[in-house]
Amino acid sequence: MPGSLRVVRSMAPLLVQDRGRHGLAPLGVPGSGAFDTTAADLAQRLVGNAVGQACLEITMGSAVLRTDRTVTAAVAGADVAITVGGVAVAVHEVFSWPAEADLVLGIPRRGVRNYLAVRGGLAAQPVLGSVSRDVLSDLGPASLSAGDEVALAGRPAAAPLLSHAPVADRPAGLLRVVLGPREDWFAADAVAALLEEAFTVTEASNRVGVRLSGPHLRRVRDGELASEPLQRGAIQVPPSGQPIVMGPDHPTTGGYPVIATVVADDWPRCAQLRPGDEVRFALRRP
Amino acid sequence: MSVPLLRYGDRAWLIDGVADPVALADQLRRAFDPDTEIVPGARTVLVRSRVGPLDRASVARAIAAAAEPSRPVERSVPVVTLRVEYDGADLAAVAEQTGLDPDAVVALHVGATYRVAFLGFAPGFGYLTGLPQQLQVPRRDVPRVSVPAGAVAIADRYSAVYPRPSPGGWHLLGTCREWLFDAARRPPARLMPGALVRFEVA
């Protein structure tokens, strides 16, 4: 029996995440999946798992977990203090997690999300081909709180090759964008404001979208935009004039114009934007 | 066919001004492998790559090769019939707004044949065209924080059934107790793109 991992306590619910559900947007099903795919993939590689497997997405740390057998594990993502059985380990370091020892994450010093990967993977009930928790659509295994468990899969895994991965420290708050598809719905000064002014991440941000406050992005067209498909990273502007950057659980269509779209390489950075952080947008260099 | 092709980030393109997005999406799917996802909207079709940049020329070529039908093909299209209890919270208000009896509102709603123009907003939420002109009223000024699962609703030129509780700004005409989205079924959505739909009084 491969065993299980359980939550002793956590401030926010922990979410099982893999690569998400694909090809179902025409049925209104969001893609979902790990928000910071770079960190999730790194955690998996560190423990010798194939990328895209299930791991735990931990939001704002403050979690204590235990396993019922000794496993190899790694935590990637935000800069956070970690101890295992009282011994400090680093983010992006492979470690042995002894049975019944507490794995404790503090509050991240910077960033928001961490990914816990266990060698051999986690096992959960797939929904529409994925174990990702979609918080908007209420799809996927239930989120985990104190007392909840997730099974270890015990799949064959490669031996870890690295003990520690140095990760470049880039500020999360600069996002590269491509204008459109509906930049013509906005005043020229709105586009200028988007590219020149600073925005602030608000508390209302989550996996559905990162909500920003800042200069009011003024429209020049009245009336409604007929519902159109939304893309990940789309910067949607509701009547409030305050932009929202679409996250992994974003609805598949929307009726508010999208002024610009964050490039795919910068989607994982959106996962580490914390309320109060400053965000700026810049045109992607072709 | 010459339609506007709008850049949507660095991995997708949005085709605008599309008369029948579901029909065009079905045709475009033949031109691309499964790593390229095709998603219809109300008047648009999104073409996006899961793996990397998508070049404009390949999308333009696929559009040129597609022969978009001038009207939806209705032969051998499944018809879904949904039974509805017309007890909706907004039935009286819609009657007043349209100058019709509530019974006439119901008769008009059940008398039409609808088509699933596209899905969006939530899993299994189908936007149904074919709503009679007399029932085409704008959305509510103030949306509801929570609309019950199975609520049968209208707004603008669409009708729809809410698969599960959610916020909603459409006018509620009644309740449908049948399944609309079930992740355990294949396909999981009751109302599939392009399907025909009829309502009947339960």
Side-chain angles (χ1 to χ4, degrees), chain A residues 19-33 125-130 134 136-140 176-184 223-235 245-246 250-255 257-258 260-267 284-286, chain B residues 4-16 18 21-22 25-26 29 34-53 117-127 138-139 156-158 163-166 181 183-184 186-193:
Chain A
R19 274 287 171 79
R21 301 176 178 89
H22 298 287
L24 295 170
L27 302 189
V29 179
S32 196
Q125 188 67 247
V127 172
L128 292 170
S130 164
D134 178 336
L136 179 69
S137 312
D138 191 20
L139 290 173
R176 292 164 296 174
V177 302
V178 172
L179 286 184
R182 299 298 181 188
E183 76 273 28
D184 60 341
E224 303 271 330
L225 178 68
S227 284
E228 59 190 28
L230 281 168
Q231 171 64 333
R232 178 84 182 265
I235 304 168
V245 184
M246 297 293 112
H250 74 81
T252 58
T253 61
V258 171
T261 307
V262 176
V263 301
D265 282 351
D266 288 354
W267 296 344
R284 173 198 63 164
R285 297 274 149 258
Chain B
L5 193 52
L6 308 174
R7 191 183 290 273
Y8 204 155
D10 65 339
R11 291 194 180 178
W13 296 89
L14 187 68
I15 309 167
D16 203 0
V18 183
V22 164
D26 285 346
R29 252 175 228 116
D35 277 339
T36 301
E37 193 174 13
I38 318 284
V39 187
R43 295 196 199 109
T44 46
V45 176
L46 176 72
V47 183
R48 67 158 158 243
S49 169
R50 280 179 52 190
V51 297
F118 68 103
L119 284 93
F121 170 69
F125 186 98
Y127 286 76
R139 254 173 290 174
D156 303 318
R157 61 192 184 99
Y158 296 108
R164 51 185 297 269
S166 73
F181 187 82
R186 295 289 176 272
R190 184 76 174 277
L191 304 181
M192 294 293 284

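Order of the sequence lines sets the chain letters (A, B, ...), proteins ahead of strands, with each chain counted from 1.
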> Heavy-atom cut-off 4.5 Å, strictly under: side chain, backbone, both or neither for A:L24 against chain B?
backbone
> Hey, are the side chains of A:E183 and B:L6 touching, using non-hydrogen atoms and a 4.5 Å cut-off?
no
> Where does B:L191 contact chain A at under 4.5 Å (heavy atoms): side chain, backbone, both or neither?
neither
> Examine whether an atom of B:A183 lies under 4.5 Å from a heavy atom of chain A, and if so say whether it belongs to the side chain, the backbone or both; otherwise answer neither.
both
> Heavy-atom distance under 4.5 Å to chain B: side chain of A:V127, backbone, both or neither?
side chain
> Sort A:V258 into side chain, backbone, both or neither according to what part of it lies under 4.5 angstrom from a heavy atom of chain B.
side chain
> Any side-chain heavy-atom pair from A:Q231 and B:R48 closer than 4.5 angstrom?
yes
> Could you work out, with side chain to side chain donor-acceptor pair (under 3.5 Å) as the rule, every residue matching B:R139, not counting sequence neighbours?
A:E224
> Check whether B:D156 gets within reach of chain A through its side chain, its backbone, both or neither, counting any heavy atom under 4.5 Å.
neither
> Quick one: what part of B:F118 sits under 4.5 Å from any heavy atom of chain A, side chain, backbone, both or neither?
side chain
> Should we count CZ of B:R43 as having more than 12 external heavy atoms under 6.0 Å?
no
> Any side-chain heavy-atom pair from B:R50 and A:H22 closer than 4.5 angstrom?
yes
> Carefully, step by step, assess A:T252 and B:F125 under the rule side-chain contact (heavy atoms from CB on, under 4.5 Å).
CA-CA 11 Å; A:T252 58; B:F125 186 98; over 6 Å; no
> With a 4.5 angstrom heavy-atom cut-off, could you sort out which part of B:R190 is near chain A: side chain, backbone, both or neither?
neither
> Does some side-chain heavy atom of A:P26 sit less than 4.5 Å from a side-chain heavy atom of B:I38?
no
> Strictly distance-based, threshold 3.5 Å: is any side-chain N or O of A:T253 a donor or acceptor partner for the main-chain N or O of B:F121?
yes
> Less than 4.5 Å to any heavy atom of chain A: does that hold for the side chain of B:P193, its backbone, both, or neither?
side chain
> Identify which part of A:L139 has an atom lying under 4.5 Å from any heavy atom of chain B, answering side chain, backbone, both or neither.
side chain
